[in-house]
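Below you'll find the structure, written out as structure tokens, and then a few comments.
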Amino acid sequence: MTCNTTFLGLGAMGGALATASLDADRPTIVWNRTPHRTQRLAGRGATDASTVEEAVAGDGVIVACLLDHRSVHDVLDPVAARLSGRTLVNLTTTTPSEARELATWAAGFGIDYLDGAIMAVPAMIGGPGSALFYSGSAIAFENHRALLDLWGESTYFGTDAGMASLYDLALLAGMYTMFAGFRQGAAMVGSEGVSATDFATRAAPFLAAMTGSFASTAAIIDARDYAGEGQQSLEFTRSALDAIVQASIDQGVSIEVLRPVHDLVRRQITAGYGPQGSDRVFEEMRSTR
Ligand code: NDP
């Protein structure tokens, strides 16, 4: 028999997760701070809980998909003492430290805690390309795989509850800086009247092709050997960045996004590493904890 699954938070993402549960004919309980958001799913057969206490009254897994770390405490602190022995899957975006704090907090109440990070938008949930990262309780991950796999490809990153979030935010760091670079390029060609739409047709295949070099870059970083054969030198990269920065200035485009990239390379050259490979900037970025 499948136990009830409780969903706390029926925003765009929480609604998509709960919908997938209903689509799989699982008994589903829904709660949302603003009540009207539960109506659509109640109409499809979900149990509409009017309070958090009511929502968590059963014995099934509890799925939280709220705004942020603070809202998880706002919702669950008042009922935590009643949740001993229950499993909480928290899919709210948090930092790794916040996820670890929640794992410690949950352990204090005897709650089995699995942290999750969603690498998809709501429309993708349950469809191709949807991936979710998990870390924290291994037992919770194994016991609830049938539920987790409804939403997308499930990957478990170990018992440190912060790891799913760390992977999530590391990937988003790459995505946000890539989009900033795309906007920089669009502003550069846009200064001569070229549309961003036209630029995108060139940028997408070029940047996709560039990702092919991630593996060789990663091998250099992992070996921390920046003096090997065939690496693009810091001096070469500075020369390219000098040209990109100057072209932006000449076209009247901001260099705010380029400046930190340029500075990292220039600092490495000033420190005497000019002939070494450009991946050496990683040495300035990596954690020294
Ligand atoms: P929404 O803004 O659509 O929904 C936010 C939800 O959190 C609502 O249910 C809202 O309730 C609730 N909420 C906010 N603050 C509180 C509080 N203090 N107490 C109780 N409930 C609260 O966001 P999403 O559903 O899109 O996102 C939810 C989580 O999923 C976020 O952490 C987000 O980062 C993550 N996520 C979202 C993705 C997306 O593409 N949307 C992608 C990947 C992750 P109310 O309706 O009452 O305001």
Side-chain angles (χ1 to χ4, degrees), residues 5-23 28-44 46-56 61-80 82-83 88-103 105-106 113-136 147-157 161-176 178-179:
T5 303
T6 292
F7 289 85
L8 302 174
L10 284 197
M13 186 54 86
L17 300 171
T19 297
S21 171
L22 279 172
D23 287 346
T28 302
I29 301 172
V30 290
W31 172 86
N32 195 68
R33 179 181 61 180
T34 307
H36 72 84
R37 288 183 110 163
T38 57
Q39 283 168 7
R40 184 181 62 83
L41 293 186
R44 290 202 46 201
T47 302
D48 188 356
S50 52
T51 62
V52 179
E53 289 78 1
E54 203 181 306
V56 301
V61 60
I62 299 163
V63 178
C65 190
L66 300 159
L67 183 64
D68 56 11
H69 173 254
R70 179 73 256 154
S71 54
V72 177
H73 275 299
D74 285 350
V75 170
L76 286 169
D77 279 355
V79 295
R82 281 178 243 169
L83 300 182
L88 172 62
V89 179
N90 180 35
L91 295 170
T92 307
T93 301
T94 61
T95 65
S97 301
E98 288 169 344
R100 289 173 186 133
E101 185 280 330
L102 282 166
W105 163 88
Y113 183 82
L114 184 65
D115 200 83
I118 306 170
M119 311 309 296
V121 295
M124 290 167 67
I125 293 300
S130 175
L132 287 87
F133 297 163
Y134 296 95
S135 57
L147 172 68
L148 308 185
D149 289 347
L150 292 177
W151 300 322
E153 186 187 2
S154 312
T155 306
Y156 179 66
F157 288 98
M163 286 308 291
S165 155
L166 187 59
Y167 268 95
D168 175 22
L169 298 179
L171 288 172
L172 292 179
M175 187 192 80
Y176 275 94
M178 179 189 70
F179 275 106

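Numbers here are sequence positions counted from 1. Numbering of ligands and ligand atoms starts at 1, following listing order.
Closest to atom 14 (C) of ligand 1, if we only count protein heavy atoms, is Leu67 CB, 3.4 Å. Of all protein heavy atoms, the one closest to atom 25 (O) of ligand 1 is Met13 N, 2.8 Å. With hydrogens left out, the protein atom closest to atom 48 (O) of ligand 1 is Arg33 NH2, 2.9 Å, a heavy atom.
Ligand 1 is never approached by Ala16 to a heavy-atom distance shorter than 4.0 Å. At a 4.0 Å cut-off, at least one heavy atom of Thr92 sits close enough to ligand 1 to count as contact.
You'll find the side chain of Leu147 reaches within 4.5 Å of the side chain of Val63, heavy atoms only. Contact of the Met13 side chain with the Ile125 side chain is registered, since non-hydrogen atoms from C-beta on lie closer than 4.5 Å.
Which parts of ligand 1 touch Val75 is read off a 4.0 Å heavy-atom cut-off, strictly below it: atoms 19 (N), 20 (C). Near Ser71, with a cut-off below 4.0 Å to any heavy atom, the atoms of ligand 1 are 15 (N), 16 (C), 17 (C), 18 (N). Near Cys65, meaning under 4.0 Å from any of its heavy atoms, are these atoms of ligand 1: 28 (C), 29 (C), 30 (O). When each atom of ligand 1 is checked for a heavy atom of Ala120 under 4.0 Å away, the hits are 42 (C), 43 (C). Below 4.0 Å from some heavy atom of Ile118 lie the following atoms of ligand 1, by number and element: 43 (C). Within ligand 1, the atoms closer than 4.0 Å to a non-hydrogen atom of Gly9 are 9 (O), numbered from 1 in the order shown. Close approach to Asp74 involves these atoms of ligand 1, each under 4.0 Å from a residue heavy atom: 18 (N). Every atom of ligand 1 with a heavy atom of Leu10 under 4.0 Å away is listed here by number and element: 9 (O).
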Taking it one step at a time, do Glu53 and Arg82 satisfy side chain to side chain contact (heavy atoms under 4.5 Å, CB included)?
CA-CA 9 Å; Glu53 289 78 1; Arg82 281 178 243 169; 3.3 Å; yes
Apply the test side chain to side chain donor-acceptor pair (under 3.5 Å) to residues Ser71 and Asp68: give CA-CA distance (whole Å), side-chain angles for both, the deciding distance (0.1 Å), then the verdict.
CA-CA 5 Å; Ser71 54; Asp68 56 11; 3.0 Å; yes
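If you check the side chains of Ser21 and Thr5, you find no donor sitting under 3.5 Å from an acceptor. A donor and an acceptor atom, one from each side chain of Arg40 and Thr19, are located under 3.5 Å apart. With 3.5 Å as the limit, one finds no donor-acceptor pair spanning the side chains of Thr38 and Asn32. Donor-acceptor pairing under 3.5 Å is lacking for the side chains of Ser165 and Asp168.
In Ala117, neither the side chain nor the backbone holds a heavy atom less than 4.0 Å from any atom of ligand 1. The parts of Leu66 lying near ligand 1 are both backbone and side chain, judged by heavy-atom distances below 4.0 Å. In Arg37, the part holding a heavy atom less than 4.0 Å from any atom of ligand 1 is the side chain. With a 4.0 Å cut-off on non-hydrogen atoms, Thr34 touches ligand 1 through its backbone as well as its side chain.
For ligand 1, one of its N or O atoms has an N or O atom of Ala12 under 3.5 Å away.
Classification of Arg44 and Asp23 as a salt-bridged pair holds, one side-chain N sitting under 4.0 Å from a carboxylate O.
With Tyr156 contributing its side chain and Gly136 its backbone, the two residues share a donor-acceptor pair below 3.5 Å. Counting only distance, with no hydrogens or angles, the side chain of Thr6 and the backbone of Ile62 share no donor-acceptor pair below 3.5 Å.
When the heavy-atom distances from atom 40 (O) of ligand 1 to Gly15, Ala64, Pro122 are ranked, the shortest goes to Pro122.
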